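Reading through the structure tokens given below for one structure.
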Amino acid sequence: MLKSKARGRVAGRAAAAGVVSAGVLLGLTALGAQADVKTVSYTCTPSATGATAVNHDFTVSLTANTAATGTQYTATLSIAAVAQSPFPAPVAIESGASIQLQPSVAASVLPATATAGVSTPSPTNSVTANVAAQGTMPPLPVATLTVTPSTGATSVALTAKDFTINMLAPAATGTVTTTPTLLYRCAIASSGTNTTPASATIAVTASSSATPTPTATPSATPTPRGTRTVYETVTANTATDEATTRQEQVPHTPAGGAATGGGGDAGPDARLFVLTGTALMLAAAGGGLVLRTRRRPARQ
């Protein structure tokens, strides 16, 4: 019974750890997502004077590209009206006109000391058929943004914010096509269930933001100086050379007599020692005989 309870506790702890680990992994994945697709509610105000702002749902897709050109990254933003939430045209739009999108994307950079510049694109879509006032708005164009992080940035988090919709009239109407006409100003709704904006994160690589290392300049080759050769004639001194030669010889004759070439310089000859020894022996013998004779008793 106790073993069963212990096994139950172990199994419960393992399940709880699995749930926590899964939550951490999901949280990290969401935090570092490079693409995000959300349904977001926007409060859109028509350009007509006195018009009432209406909430509309849009599918917002924000994708941050991993590839970089130099120190610039790109991101794409698409905004499409949800069919269940009609998005009408506030005014009549003629064929040949263009719909212009001006999005606002905020950037949050790590570390906090780094920065990132985000371009403000204004893409357009051509209208191929007339759209009556209060008819369905034509599709909005896809915006491509350029993100330029500063040196030292490790990541850039992009968040899709408000956007503006303009119209460029066709040339046939005589209106200057470069002057846009405001159609809508849309901001994220302050209440409701779909108020979380779409976001995506760019992981900045060190190679794209690091400052290139300067190349060392080779030092100049030293210029060789001219050389001067001096010739000097020296005459040898014969007397000095002979004296030097005598001084360099051994000043003392080695011991050893004739065996070493000493000759007469080696001291008394060995024969003198032999003769002296023989004389001493004879004198000793004679002295001994004399003493023996003196000790012999006189015969009566």
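From a predicted model like this one, the values you see are computed outputs, not experimental measurements.
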Val118 reachable from Leu62 in the ILVMFWY side-chain graph, under 4.5 Å edges
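The answer is yes; both residues are in one hydrophobic cluster.
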Measuring only between side-chain heavy atoms, which start at C-beta, is [X] closer than 4.5 Å to [Y]?
X      : Y      : value
Ile93  : Met167 : yes
Cys44  : Phe87  : yes
Ile202 : Val147 : yes

If every non-hydrogen atom of [X] is compared with every non-hydrogen atom of [Y], which pair is closest and at what distance?
X      : Y      : value
Gln100 : Ser122 : NE2-CB, 3.8 Å
Asn65  : Tyr73  : O-CD2, 3.8 Å
Pro88  : His56  : CD-CE1, 3.9 Å
Pro90  : Pro46  : CB-CB, 4.2 Å

Polar side-chain atom of [X] near backbone of [Y] as donor-acceptor pair, under 3.5 Å:
X      : Y      : answer
Asp36  : Ser199 : yes
Ser41  : Thr195 : no
Ser150 : Thr115 : yes
Ser47  : Leu182 : yes

Set out, in order, the CA-CA distance, both residues' side-chain angles and the distance that settles side-chain contact (heavy atoms from CB on, under 4.5 Å) for Thr154 and Val204, then state yes or no.
CA-CA 5 Å; Thr154 57; Val204 180; 5.6 Å; no
Begin from the C-alpha positions of Val60 and Leu77 and carry the test side-chain contact (heavy atoms from CB on, under 4.5 Å) through to its verdict.
CA-CA 7 Å; Val60 182; Leu77 173 65; 3.6 Å; yes
Against Val91, only a single residue in Leu183, Thr181, Val131 fulfils side-chain contact (heavy atoms from CB on, under 4.5 Å); can you say which?
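Considering Leu183, Thr181, Val131, a side-chain contact (heavy atoms from CB on, under 4.5 Å) with Val91 is found only for Leu183.
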Yes or no on side-chain contact (heavy atoms from CB on, under 4.5 Å) for Ile165 and Ile99, after CA distance, side-chain angles and deciding distance?
CA-CA 7 Å; Ile165 302 174; Ile99 299 299; 3.9 Å; yes
Cut-off 3.5 Å, side chains only: do [X] and [Y] have a donor facing an acceptor?
X      : Y      : value
Ser95  : Asn130 : no
Asp57  : Thr39  : no
Ser104 : Asp162 : no

For the residue pair Tyr42 and Tyr184, is the inter-centroid distance of their aromatic rings smaller than 6.0 Å?
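No: the rings miss the under 6.0 Å criterion.
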